Amino acid sequence: MTRKYLLRDVSPLGDGTTDVLLADGVIAAIGGDAESLAGDDAVVINGGGLILLPGLVDLHTHLREPGREDAETVRSGTRAAAMGGFTAVHAMANTTPTQDTAGVVEQVWRLGRDAGWADVRPVGAVTVGLEGERLAELGAMAESAAQVRVFSDDGKCVHDPVVMRRALEYVKAFDGVIAQHAQEPRLTEGAQMHEGVVSAELGLAGWPAVAEEAIIARDVLLAEHVGSRLHVCHLSTAGSVEIIRWAKSRGIDVTAEVTPHHLMLTDELARGYDPVFKVNPPLRTQRDVEAVREGLADGTIDIVATDHAPHTREDKDCEWGAAAFGMTGLETALSVVQETMVDTGRLTWADVARVLSTAPARIGRVPDHGRPIAVGEPANLTLVDPGIRRVVVPEQQSTQSVNSPFGGRELSGCVIATWLRGRATVMDGSACDESVVVSS
Ligand SMILES: NC(=O)N[C@@H](CC(=O)O)C(=O)O
């Protein structure tokens, strides 16, 4: 039995205010009935206009377990997810061993279930060991208890067009999707940052925009040819937005994601040589930032996904060239979207629910998440105070790693509470450790 929660005067999707009652794992009442049905034992939260959203769903999270538990575990990463307002995350396949068999994806799925912070949907590798040569056991992973629907070699590109074509064809049988890390490997050998004025000045090897755009252009054509679903991971350039816009206008079944860091940060940050800003794909130019914001606002880009990529201090606190690519993002994603897209008038809160919950749940085929806020729906929800401003302190976050590019920055908005099937995982902005139980 979960507790009852009466949320007074909250604003579902930022539209008007009402009372919402959560009981028995579902939204039990909205409006007039909520107060009367609550009884004496409900926990009352005085919302005062706080925004109620469907629980956020991340299509792109690196949880690092198995293999790099020194950087993150399923438990620490999903606790971070809950703190960021997420109720479901997709765990990327670049673990050790790789998530390329039914056994490994089931292990990750079980670890998530036992931790209880958020539903974990493992992503299956497209190729054995992410080596780009032989297709992994896609069907066995789809049929396993983990019910994999998203397949990706993320961290590496499925660069061989024949392998990509076969993968796109194969996953149609179980309504899967290939999530491509678009990076032409030959064009990015030794690359350290975006290729442009700043890389030339710093003397760092460049990662040109065309290396992303060439793969996206090829893959949308392949997806059209075989009539399959394609998802483009962490799109980062103005040219990529144009290609996706063109593909959608042709009716190609493609979706795309942008990360919070590509919505806010630019390659200018590399000037300090601080590897906290080293990421793959790299931070681009202000023109690209404007283009991805516009693409997200007009629906060309479907979702925001974090690409939460925790790394140990040893892997990040070193010279730029030796440092790992990647930055954390689960606990700052919603704030960055608010600041770049809502506070600037480009997205409404209903749009935020779409790009951070409904659409990722649909792309990942995640049941019971990204649902409307309506009576009878599972109580997977997050409550946000958009009026708070807070300074990001990586050492105080739930993620085990401190490689946040937003450390020391003041950001808008804060997650006040998160519920997973009616059980609070976050309350008053703090993780509800005592409430974490093993549920089967
Ligand atoms: N996004 C990143 O910069 N890093 C990712 C993998 C990758 O995409 O390189 C990681 O797993 O660390």
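As the structure lists them, so they are numbered: ligands from 1, and atoms in each ligand from 1. Quick caveat, the model's predicted, so the values are computed rather than measured.
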Tell me whether the NZ or CZ atom of Arg113 lies within the 45° cone about the ring axis of Trp109 and under 6.0 Å from its centre.
yes
When you check the gap from the basic side-chain N to the acidic O, do Arg68 and Asp70 get nearer than 4.0 Å?
yes
Can you tell whether the side chains of Glu290 and Arg346 come within less than 4.0 Å, N to carboxylate O?
yes
Salt-bridge contact Arg245-Asp298 (side-chain N to carboxylate O under 4.0 Å)
yes
Ligand 1 atoms nearer than 4.0 angstrom to some heavy atom of Asp307 are 1 (N)
Does Val279, backbone or side chain, put an N or O under 3.5 Å from an N or O of ligand 1?
no
the protein heavy atom lying closest to atom 5 (C) of ligand 1 turns out to be His62 NE2, 3.7 Å
Short N/O distance, under 3.5 Å, between Phe325 and ligand 1?
yes
Go through ligand 1 atom by atom and flag the ones less than 4.0 Å from a non-hydrogen atom of Gly326.
2 (C), 3 (O), 4 (N)
Among protein heavy atoms, which lies nearest atom 6 (C) of ligand 1, and at what distance?
Gly155 CA, 3.6 Å
Which of the listed options, His261, His311, His181, Met327, holds the heavy atom that is closest to atom 8 (O) of ligand 1?
His181
Considering only protein heavy atoms, which is closest to atom 12 (O) of ligand 1, and at what distance to one decimal place?
Arg64 NH2, 2.7 Å
Keeping Ser404 on the side-chain end and Phe406 on the backbone end, is there a donor-acceptor pair under 3.5 Å?
yes
To which protein heavy atom is atom 3 (O) of ligand 1 closest, and what is the distance rounded to 0.1 Å?
Asn280 N, 2.9 Å
Does CZ in Arg389 sit with more than 12 non-hydrogen atoms of other residues, nucleotides or ligands closer than 6.0 Å?
yes
CZ (Arg229) with more than 12 external heavy atoms under 6.0 Å
yes
